Structure formats: C-alpha cells, structure tokens
There are 2 protein chains.
Amino acid sequence: MANDPLRKERILDAALTVIAEHGVHRTTHRRIAEAAGVPLGSLTYHFDSLETILTEAFRRLGESMSAHYDAVLRGAADRSGAIDAVTDLICGETYATPRELTLINEMYAYGNHHDDVGELGRQWLERSWASLALHFTPPACRALDALIEGWTIHQFVERKPLDRALVHTTVTVVAEGVR
Amino acid sequence: MANDPLRKERILDAALTVIAEHGVHRTTHRRIAEAAGVPLGSLTYHFDSLETILTEAFRRLGESMSAHYDAVLRGAADRSGAIDAVTDLICGETYATPRELTLINEMYAYGNHHDDVGELGRQWLERSWASLALHFTPPACRALDALIEGWTIHQFVERKPLDRALVHTTVTVVAEGVR
DNA sequence: TCCAAGTGCGTACGAACGTACACACTTGGG
DNA sequence: CCCAAGTGTGTACGTTCGTACGCACTTGGA
C-alpha cells in the first residue's frame with residue numbers, strides 16, 4: 001500500500017492496544033503488526049526498533065490524555081466546578097478507563113528503565129499540574145495531582161467502583177485546606 | 001550444593017533485583033540465575049516456570065512491605081503520631097526507596113495481565129488499609145491510602161525531593177476533614 | 001561398606017524473537 | 001510509453017529465550 005500517511009499512527013495505536021492487552025513484556029513486532037493489520041516488514045520500515053515504537057506510542061498516549069485532562073479542567077467555570085471536574089477525572093468513565101489506567105501503569109513501569117519514556121512521564125505530570133493550576137494554588141495542585149493518581153490506580157487495582165461522595169469530599173478538603 | 005534451604009529465597013531476592021534493575025520485560029531465567037549466583041538448571045528445578053518465580057517474588061515483596069507499613073503505623077502512639085507516621089511513609093527513605101517504588105510499579109503493571117499477581121496487589125491494598133484503620137476512620141483510610149500511593153509514585157517519577165511540610169499539611173487536612 | 005532413592009545441575013532443543021535486506025511494486029518526469 | 005527513483009514487504013538469519021531431561025552427586029538405611 002503506497003503512500004499511506006495514516007500507517008504510522010495506525011501502528012502506534014495498535015502498539016498501545018497490544019500493550020494494554022498483553023503488557024510491555026509481551027509486546028512484540030509480530031503482535032503489533034497483526035493488531036494493526038500490516039505486514040511485519042512495515043514496522044521495521046517505519047520505525048528504527050521496538051524501543052522506538054514503544055516510546056512513540058507512549059508519547060501519543062500522553063498527549064491524548066493531557067488534552068482530555070486539560071479540556072475537562074478548562075471546562076470548569078469556577079472553583080466549585082473545578083472540584084467537580086477533578087472528581088470526574090477520578091471517578092469518571094472517560095478518563096479512568098481500564099485501558100488508559102493499564103497503559104499509564106505500563107508507562108511508569110517502563111519509564112523506570114528507559115530514559116526517554118521516563119521523561120514522557122515527567123512531562124505528563126507537568127502538564128497535569130499546569131491544568132490544575134488554572135483553578136488551584138500550587139501546593140493544592142501537587143496534593144490534588146497525587147490524589148488523582150493514587151485513587152485512579154487504587155480504583156483499578158481493587159476493581160471496585162468508587163464512592164463518589166467520598167472522593168468529592170476529599171478533593172474539597174484538600175483544595176480548600178492546603179495552601 | 002545439597003540441601004540448601006535458603007536457595008529458593010535467594011533466587012526470589014535475585015528475581016526482585018533483576019526486576020528492579022531491568023524491568024519485568026527483560027527479566028529472564030538466565031539473568032536471575034546470574035544475579036543469584038546459581039546455575040540455570042536450579043531455577044527450573046525449584047520453580048515450575050518463570051511466571052511462578054515472578055509471582056512468588058512479588059508475594060515476598062508485598063509481605064515485607066506490608067510488615068514495614070504496619071510496623072510504622074503501630075509505632076504511632078496517638079493520632080498526631082499517626083499523621084507523622086503517614087508523612088514518613090510518603091517522604092521517608094526506608095519505605096519509599098527507588099527499589100521498592102520501581103517494584104511496586106512493576107507489580108501493578110504485571111498484575112494487570114496476570115491474575116495471581118493482581119490478587120497480590122489487592123491484598124497489599126487491603127493490608128495497608130487495615131494498618132491505617134488503627135488510627136483513622138474508614139473513609140479517611142481510603143483517602144489517605146490513595147494519597148500515599150499517588151504521592152510516592154509522583155515523587156519517584158519526578159525524581160525530586162518532596163516538600164515535607166506540604167505533605168504533612170495535606171495528610172492532616174485529609175485525616176481531620178474526611179469522615 | 002554398599003547401593004537404591006532422592007537431590008541438583010549442565011546441556012541441548014524447539015520456538016519465538018528483533019532485525020536486515022533482496023526484491024516486487026508504484027510513481028512521476030521525459 | 002518507459003525507466004530510474006523511491007516506497008513497501010516477504011523472507012530468512014542469528015540470537016536469545018523457556019524448558020526438558022539425562023546424568024552426576026549426595027545421603028541414609030542395611
């Protein structure tokens with residue numbers, strides 16, 4: 001298939017699908033190629049190595065998640081709305097999907113052993129912080145960001161739905177109490 | 001070497017070392033054997049498969065961390081001491097070492113694709129919760145546990161030291177404000 | 001002392017991997 | 001229409017992996 005500009009993106013999305021389903025430790029050229037519906041040779045043609053594919057895939061993940069994160073917080077009119085927005089980010093079904101949470105975990109884990117991906121994780125934190133800073137003080141941003149991260153992970157590990165009222169209360173006391 | 005009862009434990013510790021250094025995705029029989037200073041055949045003799053080694057190693061990790069977690073919280077005399085203890089768990093150099101944090105990340109990531117390890121993660125959360133319950137209300141336990149988890153991870157991804165005063169304030173606010 | 005029973009390991013094999021590369025195919029200027 | 005230049009792919013190679021297994025070695029009862 002000549003001149004397919006979407007080919008690279010399709011491969012990266014397939015890579016994320018494979019990572020989410022099997023984990024980085026079982027992500028291979030062949031599995032990605034099958035998931036993307038492209039020949040094996042196409043991967044080595046478009047990307048230097050498997051490392052490159054993983055790195056680019058995680059970059060794509062970070063960008064799309066940051067965008068969503070930012071959109072949700074920008075949509076909040078005032079402080080109270082921002083607290084609702086943060087509660088949504090933790091409990092919501094659009095951000096904290098199993099796929100995204102699995103991928104975030106994989107990114108952190110892989111980033112601990114791969115500098116470029118580690119840097120992506122740091123950028124992702126920085127952008128989250130910037131989005132929160134639209135509504136909260138710097139210290140509150142740090143605390144809220146930690147809370148979001150920890151709670152979404154717990155929610156996923158536990159596989160139980162969250163108590164939304166409790167989340168809302170906690171977000172509120174942190175937002176108001178930490179200065 | 002006949003009748004070496006510490007052999008299995010040594011292999012599991014070596015497995016954790018390899019996981020912490022290289023990640024699960026590059027953890028192999030041969031690397032573990034080298035790290036443990038035992039022959040390759042010794043691994044297949046003592047363990048059914050690599051999966052089994054990883055699972056047992058993560059189980060060992062969870063037990064030792066839970067024990068530390070519990071000891072720190074049991075050592076707190078009152079509520080104020082417990083708040084200090086939680087602050088220590090987040091900022092401290094004994095619990096939140098790079099090695100432990102890397103391993104926790106690896107365990108969560110691997111647990112998403114392996115039921116037995118996923119169950120270990122759930123047990124680890126439950127025991128953390130039980131330790132916290134010595135001093136705080138159930139809702140506060142949930143919130144604090146999420147905060148600990150998120151903040152230790154952030155600390156590690158960012159590779160920057162934490163603001164202890166901020167952590168202490170946040171813990172206090174959550175412990176007092178969430179009922 | 002001797003020898004079965006059990007313990008532990010060196011080695012080898014098939015499978016799956018990442019990657020290279022020769023080659024088919026498409027394309028656009030002449 | 002033609003053919004060089006460029007685009008994309010099927011295949012094969014060397015490496016590394018998990019695992020099996022024959023065999024050496026240790027041990028304890030007779």
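Chain letters run A, B, ... following the sequence lines, proteins first and then strands; every chain starts at 1. The model shown is predicted, which means the values in this text are computed figures rather than measured ones.
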Asks: Pairs in or reaching into residues 7-28 of chain B: which pass ring-ring contact (aromatic ring centres under 6.0 Å, His included), with residues at least two apart or in two chains?
Replies: A:Y110-B:H25
Asks: With A:T152, which residues qualify under side chain to side chain donor-acceptor pair (under 3.5 Å), at least two apart?
Replies: none
Asks: Hey, does the side chain of A:S42 come within less than 4.0 Å of D:dG8's phosphate (OP1/OP2), counting only N and O?
Replies: no
Asks: Going by ring-ring contact (aromatic ring centres under 6.0 Å, His included), name the residues that satisfy it together with B:Y69, two or more places apart in sequence or in a different chain.
Replies: B:Y95, B:W124
Asks: Quick one: A:L43 CG to C:dC21 P, roughly how many Å, whole number?
Replies: 18 Å
Asks: Check the distance between C:dG8's C1' and B:F47's CZ and give it to me in whole angstrom.
Replies: 14 Å
Asks: If only side-chain N and O atoms of B:R26 are considered, is one of them under 4.0 Å from the OP1 or OP2 phosphate oxygen of C:dC17?
Replies: no
Asks: By side chain to side chain donor-acceptor pair (under 3.5 Å), which residues pair with B:S42, not counting sequence neighbours?
Replies: B:R7
Asks: With B:T52, which residues qualify under side chain to side chain donor-acceptor pair (under 3.5 Å), at least two apart?
Replies: B:S49
Asks: Can you sort out which residues in residues 13-25 of chain A have a heavy atom within less than 4.0 Å of DNA chain D? Ascending by number, please.
Replies: none
Asks: Holding to side chain to side chain donor-acceptor pair (under 3.5 Å), I want the full list of residues that pass it with A:H168, two or more places apart in sequence or in another chain.
Replies: A:D84
Asks: Treating primed atoms plus P, OP1 and OP2 as sugar-phosphate and everything else as base, which nucleotides of nucleotides 15-23 of chain D get B, S or - for protein heavy atoms under 4.0 Å?
Replies: --BBB----
Asks: Can you run down the side chain to side chain donor-acceptor pair (under 3.5 Å) pairs that involve residues 30-41 of chain B, sequence neighbours left out, and say none if there aren't any?
Replies: none
Asks: Could A:R60 and A:D13 be called an ion pair, given the rule that one side-chain N must be under 4.0 Å from one carboxylate O?
Replies: yes
